[in-house]
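Below: one structure, written as structure tokens.
Just so you know, these numbers use all the heavy atoms, side chains as well, and skip hydrogens, waters and symmetry mates. For clarity, every value in this text was computed on a predicted model and none was experimentally measured.
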Amino acid sequence: MFREFLVLILDYFTISKKYLVFDMVIPFVLSFLIIYIIPSGLSINNDFIGQIISLVGILAGFNITAITFLSSTSSKMVDELKAKKGVERIAGKKINLFQELYIYISYSTLLAFIIIFFEVIGYVIPVSAISENWFYKLLCLLNLATVLHLILLNIRNITFIYFSFFEKSN
């Protein structure tokens, strides 16, 4: 069975330990508050799923464009990123900033396609009608948390790109 995508996920979690609060905890806390605490009236129906598919599709397109740019360009700035060793390690070996950026964007793209896959299944199968209320709410929590995770990950990726190509100013 095809399992190579698991390497990318493992590499992402290996190098992003210091960002996990921003990437994972905040989306889950916000989702928990929205689904269980705040009576928001959020209804995850086919209209909502369609909007999520559109949003995630746009984010996937942005990430594919970034991967294409990183893979095909040979500019001086990209060469400098390849030359700069970062602090992150995979299998005990330091990776350069280019590799780090590539992993972040590739993970984001993979996550977007995984979300689209499950959203399409949720569009076809009426989960709320065939499952217990607690299970449906749990799925809503996971759905919303994963989408928020993707959005925050893309925000971090954009800032990483910005500060990778431009020196921090005082």
Side-chain angles (χ1 to χ4, degrees), residues 1-67 86-91 95 99-164:
M1 183 174 166
F2 180 72
R3 291 177 263 192
E4 283 79 10
F5 69 93
L6 295 174
V7 173
L8 175 58
I9 294 170
L10 181 63
D11 285 349
Y12 165 76
F13 281 105
T14 299
I15 67 170
S16 55
K17 291 176 184 145
K18 63 185 174 187
Y19 302 115
L20 287 181
V21 169
F22 183 78
D23 287 354
M24 301 288 258
V25 174
I26 291 174
F28 273 97
V29 169
L30 286 174
S31 298
F32 182 82
L33 290 173
I34 291 169
I35 300 294
Y36 291 105
I37 306 297
I38 301 170
S40 65
L42 175 68
S43 176
I44 300 190
N45 55 24
N46 283 354
D47 291 335
F48 181 80
I49 291 173
Q51 291 173 357
I52 293 297
I53 290 172
S54 297
L55 169 71
V56 173
I58 291 167
L59 292 175
F62 166 76
N63 289 318
I64 290 170
T65 302
I67 289 172
V87 295
E88 304 301 336
R89 295 178 180 271
I90 295 178
I95 61 172
Q99 290 169 309
E100 188 175 344
L101 178 60
Y102 203 86
I103 290 168
Y104 288 144
I105 295 173
S106 297
Y107 170 78
S108 185
T109 306
L110 175 65
L111 181 63
F113 285 114
I114 290 171
I115 290 171
I116 290 172
F117 175 78
F118 283 107
E119 294 294 335
V120 169
I121 290 173
Y123 192 83
V124 173
I125 299 173
V127 178
S128 62
I130 62 172
S131 65
E132 299 282 333
N133 188 43
W134 68 268
F135 185 70
Y136 176 69
K137 280 193 166 192
L138 177 65
L139 289 178
C140 290
L141 171 77
L142 293 174
N143 184 4
L144 188 57
T146 307
V147 171
L148 291 175
H149 168 58
L150 179 65
I151 292 169
L152 292 179
L153 180 64
N154 274 279
I155 290 170
R156 188 168 55 78
N157 287 347
I158 290 167
T159 57
F160 188 98
I161 290 169
Y162 178 80
F163 287 113
S164 295

Between N157 and S108 the two heavy atoms that sit nearest each other are ND2-CB, 3.6 Å
D23-Y12 side chain donor-acceptor pair, cut-off 3.5 Å: yes
May I have the step-by-step check of side chain to side chain contact (heavy atoms under 4.5 Å, CB included) for I64 and F113, ending in yes or no? CA-CA 11 Å; I64 290 170; F113 285 114; 3.7 Å; yes
Report yes if the side chains of I105 and F160 come closer than 4.5 Å at any heavy-atom pair, otherwise no. no
Taking the side chain as everything from C-beta on, heavy atoms only, tell me whether C140 gets closer than 4.5 Å to Y136. yes
Minimum heavy-atom separation for L141 and F28, please, with both atom names. CD1-O, 4.1 Å
Considering only heavy atoms from C-beta outward, does the side chain of F13 approach that of L20 to under 4.5 Å? yes
Are more than 12 heavy atoms from other residues, nucleotides or ligands located less than 6.0 Å from atom OH of Y36? yes
Quick one: pull up CG in L8 and CG in L110 and give me the separation to the nearest 0.5 Å. 5.5 Å
For the CG atom of N154 and the CG atom of L150, what is their distance to the nearest 0.5 Å? 5.0 Å
The reported gap from CG in L144 to CD1 in I35 (rounded to nearest 0.5 angstrom) is 5.5 Å
With rounding to the nearest 0.5 Å, note down the distance linking CG in L138 to CH2 in W134. 6.5 Å
Between the side chains of E119 and Y123, does any donor sit under 3.5 Å from an acceptor? no
Closer than 3.5 angstrom, by distance alone: can the side chain of N143 be matched with the main-chain N or O of L139 as a donor-acceptor pair? no
Kindly confirm or rule out a cation-pi arrangement of R156 over F22, judged by NZ or CZ under 6.0 Å from the six-membered ring centre and within 45° of its axis? no
Give, for atom OG of S54 and atom CD1 of I116, the distance between the pair rounded to the nearest 0.5 Å. 9.0 Å
Using the side chain to side chain contact (heavy atoms under 4.5 Å, CB included) definition, which of the options L111, V25, I26 pairs with H149? L111
Would you say that F62 contacts I58 through its side chain, given a criterion of any heavy-atom pair below 4.5 Å between the two side chains? no
On a heavy-atom basis, the closest approach of A112 and A60 is CB-CB, 3.7 Å
Is there side-chain contact between I151 and L55, with at least one heavy-atom pair below 4.5 Å? yes
If you take all heavy atoms of I15 and E100, which pair is closest and at what distance? CD1-CG, 3.8 Å
Is there a side-chain contact between T14 and I103 (heavy atoms, below 4.5 Å)? no
